[in-house]
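Below you'll find the structure, written out as structure tokens, and then a few comments.
Whatever order the structure lists them in is the order used to number ligands and atoms, beginning at 1.
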Amino acid sequence: MTLALEVEEVFAVGGVLSRAADQFMPRSGQTEMALAVARAIEGAYPLVVEASTGVGKTFSYLVPALLSGERVLLSTATKALQDQLFGRDLPRLVEALGLPVQTALLKGRASYLCLHRMEMARQEAYLPDGVSVRALARIEEWSKVTRTGDLAELPGLDERSPMIPLVTSTRENCLGGTCPRFKACHVNLARRDAMAADVVVINHHLFFADLAVRESGVAELLPSVRIAIFDEAHQLNETGVQFLGTNLTTAQLLDFARDMLATGLQLARGLVDWQEVVSAVEHAARELRLCAGKQYPGTKLRWVGECPEGLNTVEWKSALEAVYASCEQACAALDTVSEIAPDFGRLHERAMELAGRSHSFVNACQPGCVRWADVGTQLRLVESPLDISKAMKSKVLSTAGDSAKSWIFTSATLGDDDKLSWFTQPCGLEHAEVLRVGSPFDYQRQAAVYVPQGFPKPGDAAHTVQVAASAARWSRQLGGRTMVLTTTLRALRAIGDSLREAFLNSADMEILVQGAMPKRLLIERFREGSASGGKGCVLVASASFWEGIDVPGDALQLVIIDKLPFPPPNDPLAEARAKLLEAQGRSSFNDYFLPEAAVALKQGAGRLIRRESDEGILVVCDSRLATMGYGRRLLRALPPMKRLMSEDELMERLQALTRTCTRDCLQT
Ligand code: SF4
């Protein structure tokens, strides 16, 4: 029997999935995608699938991949999604299909406890504070019982804890084969498990990090894998460019200096004047940061000529050269003690690498790349390729190994044209087979979209004021259940402050603003809303909240988007991509800015309807959507929702949603 026929049987009425789960309902889109994946596996060719919300794409790729009996590499966007796939979807399906499949989860080394560094941390005389001392004691207790060493399994550990860098390793400070804890090392055990497994779940960061430096074992795994699946593939390009370029941060230099001082004083006190060598690196790092001056946090300085825009060339070059010289000096010092302990060998390699990177930034930018400086408390120098197409073609799609491979890429949003060019072009997948699977939701009935007229222009300061005032009015009508998505952090703060003021001392409304508490807690509180007699919630958020947030049911029925999410025109990467298109005789607006906005808008709108029973309204407070010619293209990218033409219609629909919710709440 062919793989496609086997897959069809599994998804059919009365098939394995129906028998395994009462709630399973065969959906034509899900089966269509599963069959396309099965054909791509049998034919060993690349397939790109845009599967809209509600299709159930996870089962669509897992079923054919598992039934094929081949070795599978599965990559998703975040560690949380990795845990969900590995801990929930994969075991459920393996059990339902009754297959003897060995699965493994592989994360980056920063996720695993480093036994050697934990012991070093215990011996270090100073720890940042009492909280860290207690956190270390908990980690030590847990280290005695954990099998995986994955810190995500340690309950209550704050992911921002200053202890984490002290008890995890980096490629630079890991001792590798010379480590006294090598045999029991969690990083190595995870890699060994991955090498022996039939299905390995990784994340895109790890995939590209390994492609860049071949460190975590993914590159070794790749030739033996016959099927590679990338879920949440819309993030591949942006994740990839972060790893395929070069970067140097003042934080890396300061971390290196701190590790060198601790190791030097512990293992080779008196043999080198460690204070002097370390001070030189620290001083050079601080001077480099000072060169960038005071900037608004998150500022990106273009770097087209010899130094980032607005900075003094002579000062900049001399500061960069001082960084290079201090790393060279550290190399020389570490060389003299390299025989004493393996730690010094690794520190020496780190010093060489930092010296190499600082030297590369003294020289001109590589052709086909763009440079900039990110200025915050620390300074980050970046040289990035414009996209991942070259690396994908040369390092990924060509890694056929002994047999041809199937590459499957999928996400709910991969572009706004039938060729999915927004995704396929920068990823080097122009020749891949493309499939778009529509959502099973009845958007005309379940959802409506409203574009208010008469708002100030999006660039006007009064625009944000009006968005905030309208959001207060609309969310009051709905009793919360509203998410306001902003395109900038400035608008996030302004709208958040304004809504807090509007509902100050309110007995029935709580305003949740991104950054006020960890993202996970913020979403948990928002999901709960007024369900257990609490206050209704309005969540104001930006950036990462535009995608991946799943709030099904009545807790979210109104999504307000402040402006069309065009990439910031002064972003150095966006600017370089636009320039390249213009140089090729193409339109940067039609071929870059517009598709980017369409995909982001679709992502934001995708927060609204998550289930067949959900109902809601999307409001986009940007009149360009209704008045400009390109607005039609952007509206077409959205699901086919009913269009509301006036605020009266909006208020009526909000009232209807309020009535439905009150009735349902009374019934439950
Ligand atoms: S081998 Fe590296 S990661 Fe493993 S325990 Fe040793 S130093 Fe830590």
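Within ligand 1, the atoms closer than 4.0 Å to a non-hydrogen atom of Leu175 are 2 (Fe), 7 (S), numbered from 1 in the order shown.
The closest approach between any non-hydrogen atom of Arg109 and ligand 1 is below 4.0 Å.
In terms of protein heavy-atom proximity, atom 3 (S) of ligand 1 is closest to Ser169 OG, 3.4 Å. Ranking protein heavy atoms by distance to atom 6 (Fe) of ligand 1, first place goes to Cys179 SG, 2.3 Å. Annotation: atom 4 (Fe) of ligand 1 to nearest protein heavy atom, Cys185 SG, 2.3 Å. With hydrogens left out, the protein atom closest to atom 8 (Fe) of ligand 1 is Cys114 SG, 2.3 Å, a heavy atom.
With a 4.5 Å cut-off on side-chain heavy atoms, Lys393 and Ile388 do not count as touching.
The aromatic ring centres of Tyr324 and Phe361 sit 6.0 Å or more apart. You'll find the ring centres of Phe243 and His205 inside the 6.0 Å limit.
In terms of modelled atom types and a separation under 3.5 Å, the side chain of Arg289 and the main chain of Thr377 share a donor-acceptor contact.
Tyr112 does not carry Lys107 over the face of its six-membered ring by the limits of under 6.0 Å from the centre and within 45° of the normal.
Counting heavy atoms under 4.0 Å from ligand 1, residue Cys174 touches it through both backbone and side chain.
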Do His204 and Glu232 pass the side-chain hydrogen bond (donor to acceptor under 3.5 Å, both in side chains) test, and can you show the C-alpha distance, the side-chain angles, and the key distance before you say yes or no? CA-CA 9 Å; His204 303 340; Glu232 302 297 314; over 6 Å; no

